[in-house]
Amino acid sequence: MRTHTCGELRSEHIDSETTLCGWVDSARDHGGAVFLDLRDRYGKTQVVASPEGGLELVEQASRLRAEDVVRVTGRVAARPEGTANPKLATGEIEVRISSLEILNRSKTPPFSPGTTDLPGEDLRLRHRYLDLRRPQLQKTMILRGQIIKTMRDYFAEHQFIDVETPVLGRSTPEGARDYLVPSRVSPGRFYALPQSPQLYKQILMVAGFDRYVQIARCFRDEDLRADRQPEFTQLDLEMSFVDADDVMGMIDGLMARLARDLLGQELSLPLPRMTYQEAMERFGHDAPDLRFGMELVDCSELAAQCEFRVFREAVESGGRVRGLNAKSAAAEFSRKRIDELTDVVKQDFGAKGLAWFRVEADGKLWSPIAKNFDEAWLARLAERMQARAGDLLLFVADAWSITCKALYGLRKRLGSDLKLYSPGTMHFSWVVQFPMFDWDADQQRWVAMHHPFTAPCNEDVDLLETDPSRARAKAYDLVINGSEAGGGTIRIHDNVQQQRVFDLLGIDAETARDRFGFLLESLQYGAPPHGGIALGIDRIVMLFAGLDSIRDCIAFPKTQRATDLMTEAPGEVDRRQLEELGLRVLPITDKR
RNA sequence: GGGGCCGUAGCUCAAUUGGUUAGAGUACUGGACUGUCGAUCCAGUGGUUGCGGGUUCGAGUCCCGUCGGCCUCGCCA
């Protein structure tokens with residue numbers, strides 16, 4: 001139908017005949033001549049209908065509106081002196097058309113793909129086909145394709161085998177809430193959509209595949225966030241006869257390739273690594289944003305010696321007093337803005353309050369609570385915080401975990417408010433040696449921090465018996481710009497050790513056998529040491545594209561309530577469908 | 001489940017903080033125009049202020065509920 005795309009023609013094509021197809025991006029009707037910008041995914045080209053082509057042609061062109069689909073034929077011509085458009089790649093030329101065919105008319109669109117005032121996201125999602133016409137979204141989807149292709153190439157070069165695993169699986173007790181699929185043939189029974197292909201890929205290692213990779217769709221029925229969708233895509237892989245370094249090294253290579261090919265950025269390898277413990281101490285979070293400093297400073301020792309009860313008692317009751325120094329930010333943060341920060345820290349992270357000091361020109365600390373401290377102590381605090389005139393010091397005195405959350409939240413917010421990093425910067429690193437377990441106070445039991453198949457660090461194996469809280473796992477998370485881009489572990493390949501971990505987690509033998517007996521059984525038939533990782537592709541695309549929302553990286557994303565505004569999924573089903581499945585929907589009673 | 005922001009013309013927004021007939025830009029419709037490229041100029045159409053209730057002489061504005069979108073804590077790796 002066409003000889004060229006709308007992004008293709010240049011001066012060298014002048015005087016040749018061409019046929020283009022595309023959408024009318026804009027139409028400028030001058031009465032005599034009509035200028036059309038024709039758009040397709042490759043670009044835009046200006047085509048001109050003028051009386052030389054016939055009055056009927058001009059008349060036809062003048063009736064065109066935005067998003068009509070047309071096919072035009074004409075001669076490529078240089079634009080008249082002074083009318084070239086430097087904003088278009090094809091701006092040196094235009095197509096003087098001799099014929100115009102309307103392939104399809106468009107209703108007046110609710111918004112134009114070229115709009116600068118982006119409409120509300122609900123409207124964009126409802127008319128996703130229009131939103132996806134926007135160059136920005138097309139660019140992101142193209143980038144996504146390139147990232148996936150690079151991944152596939154890379155792993156093929158490294159002898160990985162792409163294996164598909166089932167989407168209809170069975171529900172596992174731990175982890176996220178499952179999406180369930182009722183079975184018609186086995187009434188009352190349910191499949192679960194995979195949260196990840198975890199168990200299958202371990203079985204593939206037992207089966208001797210040695211290196212497995214898959215681009216796998218995963219499902220988790222949990223509440224959504226800007227960077228979380230109920231169905232998402234993972235680059236999932238598993239390797240045999242490896243330790244954590246081997247897996248991380250493999251991903252290091254992938255990241256270097258991606259950064260070089262897609263960002264033009266050379267990474268120096270190996271990527272930096274930090275232990276979980278260090279990350280929590282220095283940044284209060286297991287996925288620290290290392291694009292800027294402003295690290296947390298522990299002032300607990302000092303606080304224990306001060307007169308201020310809030311500080312002293314926080315330490316005496318086993319908590320911490322930690323702070324951070326927002327360099328040169330005192331002027332920028334009015335009392336009102338600090339109050340806002342205080343609200344965030346209290347409401348979102350459960351902190352009791354936020355203490356703050358402004359560093360005066362003479363280096364002294366000023367604060368509404370300064371009267372609670374003697375001057376010598378304040379001087380020591382200033383020194384510990386490396387305070388300089390104009391700095392703003394913020395402190396949280398609370399339980400360890402609350403100081404982590406609150407200061408992490410503050411640091412993240414200040415980092416972006418104070419523009420402590422430039423938007424184009426990308427920082428890749430690893431966080432390693434996560435704790436094996438978390439204590440669940442509600443259920444009074446240990447829960448696996450990653451998943452129950454994670455192997456402990458060799459030197460911590462005995463801690464499983466003596467002090468599980470201190471046992472560290474062979475776990476590693478890939479962190480990009482303060483986002484968890486992926487995570488993996490070395491797995492337990494020994495049936496006895498696996499049983500021991502289940503015991504510790506309070507998963508009794510019967511449950512274990514019922515839910516993943518097949519895995520335990522397979523481990524008894526010569527399972528090789530193995531481990532792997534899964535990378536969140538949607539997030540990686542988001543980070544590489546410099547976007548804030550994962551929805552902008554997925555062609556057809558869901559809303560925060562996990563609905564699709566275009567298809568209106570989830571939808572109701574016929575009574576007959578339910579009957580076939582042996583299901584009955586309970587009446588929705590309020591507040592059960 | 002909790003906290004917060006938002007919802008006014010097809011779209012993006014405004015409406016002097018409770019006051020008379022809810023405006024602008026854009027889109028759309030009609031007209032003018034042969035060098036525009038966010039075309040321009042003239043004219044016009046377009047409103048259940050998300051929905052329901054309440055307070056008030058009077059509600060886009062205040063209150064309660066509800067629906068929807070977003071951010072976030074919990075949740076989730």
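Below, chain A is the first sequence line, B the second, and so on; all start at residue 1.
- Taking A:Arg177 as the reference, A:Asp221, A:Glu222 meet the side chain to side chain contact (heavy atoms under 4.5 Å, CB included) condition, with sequence neighbours excluded.
- Comparing B:rG74, B:rA77, B:rC37 by their closest approach to the side chain of A:Gln195 singles out B:rA77.
- If you check distances only, the side chain of A:Asp348 never reaches the base of B:rC73 with a donor-acceptor pair under 3.5 Å.
- Annotation: cation-pi pair A:Arg337/A:Phe333 present, NZ/CZ under 6.0 Å from the ring centroid and within 45° of its normal.
- The aromatic ring of A:Phe35 stacks onto the base of B:rU36, its centre lying under 5.5 Å from the centre of the six-membered base ring with the two planes under 30° apart.
- Of all nucleotides present, none satisfies the Watson-Crick or G-U wobble test against B:rU55 with each distance under 3.5 Å.
- B:rU29 and B:rG68 have their P atoms separated by 34 Å, given to the nearest Å.
- Between A:Gln347 and A:Asp122, it is A:Gln347 whose nearest contact on RNA chain B lies nearer the 5' terminus.
- If you check residues 549-559 of chain A against RNA chain B, the residues with a heavy atom closer than 4.0 Å are A:Arg551, A:Thr559, listed by number.
- A:Tyr200 and A:Gln198 share no side-chain donor-acceptor pair at under 3.5 Å.
- When both pairing distances are held under 3.5 Å, B:rC75 makes no Watson-Crick or G-U pair with any nucleotide shown.
- Here the nucleotide nearest the side chain of A:Pro110, chosen from B:rG69, B:rC73, B:rG10, is B:rG10.
- On a pure distance criterion of 3.5 Å, no polar donor-acceptor pair joins the side chain of A:Arg126 and the base of B:rG68.
- Regarding A:Gln560, its CD atom lies at a distance of 15 Å from the C1' atom of B:rC67, rounded to whole Å.
- Which of B:rC28, B:rG35, B:rA39 sits closest to the side chain of A:Ser26 comes down to B:rA39.
- Residues A:His450 and A:Arg96 both approach RNA chain B. Their nearest nucleotides, taken by heavy-atom distance, put A:Arg96 toward the 5′ side.
- Comparing B:rC37, B:rC76, B:rC75 against the side chain of A:Asn85 picks out B:rC37 as the nearest.
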Detail all sub-3.5 Å separations between protein N/O atoms and N/O atoms belonging to nucleotides 30-33 of chain B.
| unit_1 | atom_1 | unit_2 | atom_2 | d |
| --- | --- | --- | --- | --- |
| B:rC33 | N3 | A:Asp29 | O | 3.2 |
| B:rC33 | N3 | A:Gly31 | N | 3.3 |
| B:rC33 | N4 | A:Gly31 | N | 3.4 |

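- Regarding A:Arg79, its CZ atom lies at a distance of 7 Å from the C1' atom of B:rC37, rounded to whole Å.
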After noting the C-alpha distance and the side-chain angles of A:Arg273 and A:Glu278, does the key distance pass the salt bridge (charged side-chain N to carboxylate O under 4.0 Å, His left out) rule?
CA-CA 10 Å; A:Arg273 298 180 192 180; A:Glu278 186 180 354; over 6 Å; no
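- For A:Glu52, taking side-chain heavy atoms from C-beta onward, the closest of the listed nucleotides B:rG38, B:rC11, B:rU34 is B:rU34.
- Put simply, CG on A:Leu341 is 15 Å from C1' on B:rU72, counting in whole angstrom units.
- Base pairing analysis places B:rG25 opposite B:rC11; the two distances defining the Watson-Crick or G-U wobble pair are each below 3.5 Å.
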